[in-house]
Amino acid sequence: MKGTGDMDSAGAAGDRAAPEALPDYAERVLGVAEEIPPGRVMTYGDVAEWLKDEDHPEGPAPGGPRQVGRVMALYGSVVPWWRVVRADGVLLPGHELRALAHYRDEGTPLRGASAATEGHIPRIDMRRARWDGDAASGDEGR
């Protein structure tokens with residue numbers, strides 16, 4: 001692992017650092033998170049499908065979106081955790097302001113929040129920010 005994430009920022013659940021030996025599935029999830037280009041995002045389900053296609057093209061994958069979320073909650077602080085998101089583009093509860101700072105720094109496409117939204121936190125513009133895993137498409141759609 002390169003450990004390119006902001007170590008002061010938490011993963012989905014807290015400020016825990018990754019242990020020395022990660023479970024294989026966790027290593028692979030974090031590896032995908034490291035590959036997502038700045039300004040782009042993948043959903044938990046996208047990551048699960050990527051791993052399914054990569055490792056199990058004809059059978060069930062060992063994890064789905066919830067398992068990806070669990071890995072990010074436990075170990076995500078060592079990678080760019082803000083690039084693995086909910087499918088609806090809502091920022092990670094409890095980490096909205098830290099994530100928003102990263103999105104703004106990276107130029108991630110955002111959608112303005114409605115006045116009815118508590119705190120007026122924008123959402124990620126999933127149509128423009130979602131990355132399909134193709135290295136050639138890293139800057140398209142922005």
Side-chain angles (χ1 to χ4, degrees), residues 1-114 117-142:
M1 303 284 337
K2 291 182 266 180
T4 61
D6 179 359
M7 291 301 288
D8 292 331
S9 296
D15 292 318
R16 294 176 284 237
E20 289 297 317
L22 291 174
D24 180 59
Y25 187 72
E27 247 330 305
R28 294 189 339 241
V29 167
L30 297 178
V32 173
E34 286 185 322
E35 296 299 318
I36 302 169
R40 303 303 297 268
V41 298
M42 288 180 93
T43 68
Y44 298 108
D46 291 341
V47 173
E49 282 298 312
W50 176 269
L51 293 174
K52 174 185 171 221
D53 292 345
E54 179 181 272
D55 295 335
H56 304 285
E58 297 176 17
R66 288 180 187 225
Q67 288 77 15
V68 170
R70 180 75 175 147
V71 167
M72 294 304 294
L74 293 174
Y75 311 114
S77 65
V78 299
V79 297
W81 54 268
W82 58 93
R83 296 182 192 152
V84 182
V85 301
R86 292 173 37 162
D88 62 5
V90 171
L91 277 57
L92 186 64
H95 301 279
E96 297 96 333
L97 296 179
R98 284 190 280 178
L100 188 57
H102 287 293
Y103 298 139
R104 287 182 172 150
D105 285 347
E106 294 182 357
T108 306
L110 300 170
R111 294 177 52 208
S114 69
T117 305
E118 184 177 331
H120 307 289
I121 300 290
R123 290 181 178 210
I124 298 165
D125 184 338
M126 294 302 293
R127 185 183 60 76
R128 293 176 38 221
R130 199 171 198 167
W131 187 58
D132 64 4
D134 181 8
S137 69
D139 291 326
E140 290 177 13
R142 290 196 290 159

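Looking only at distances, a side-chain donor or acceptor of Gln67 sits under 3.5 Å from a matching main-chain atom of Gly64. Listed for the Glu96 side chain is a donor-acceptor partner under 3.5 Å among the backbone atoms of Gly94. Judged purely by atom type and a 3.5 angstrom limit, Tyr103 uses its side chain to pair as donor or acceptor with the backbone of Trp82. Of the possible donor and acceptor atoms, none in the side chain of Arg128 sits under 3.5 Å from a partner among the backbone N and O of Pro109.
Closest heavy-atom contact between Val84 and Ala33: CG2-CB, 3.9 Å. When every heavy atom of Ala48 is checked against every heavy atom of Gly63, the shortest pair comes out as CB-O, 3.9 Å.
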Kindly indicate, with the supporting measurements, whether the criterion side-chain contact (heavy atoms from CB on, under 4.5 Å) is fulfilled by Met72 and Val79. CA-CA 9 Å; Met72 294 304 294; Val79 297; 4.0 Å; yes

Step by step, work out the side-chain contact (heavy atoms from CB on, under 4.5 Å) result for Leu97 and Ile121.
CA-CA 8 Å; Leu97 296 179; Ile121 300 290; 3.9 Å; yes

(Q) Go through it in stages, so that I can follow the logic: the residues are Ile124 and Arg86, the test is side-chain contact (heavy atoms from CB on, under 4.5 Å), and I'd like the CA-CA distance, side-chain angles, deciding distance and then a yes or no. (A) CA-CA 9 Å; Ile124 298 165; Arg86 292 173 37 162; over 6 Å; no

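The distance from the CZ atom of Arg40 to the CD atom of Glu106 is 12.0 Å, given to the nearest 0.5 Å. Interatomic distance, OH of Tyr75 versus CG of Leu30, reported as 9.0 Å (0.5 Å rounding).
Remark: Asp46 engages Met42, Thr43, Arg130 in a side-chain contact (heavy atoms from CB on, under 4.5 Å) (not counting sequence neighbours). In this structure, the side-chain contact (heavy atoms from CB on, under 4.5 Å) partners of Arg104, at least two apart in sequence or on a different chain, are Leu100, Leu110, Pro122.
Contact check for Thr108 versus Arg83: no side-chain heavy atoms found under the 4.5 Å cut-off. Within the 4.5 Å cutoff, side-chain heavy atoms of Trp81 are placed close to those of Leu92.
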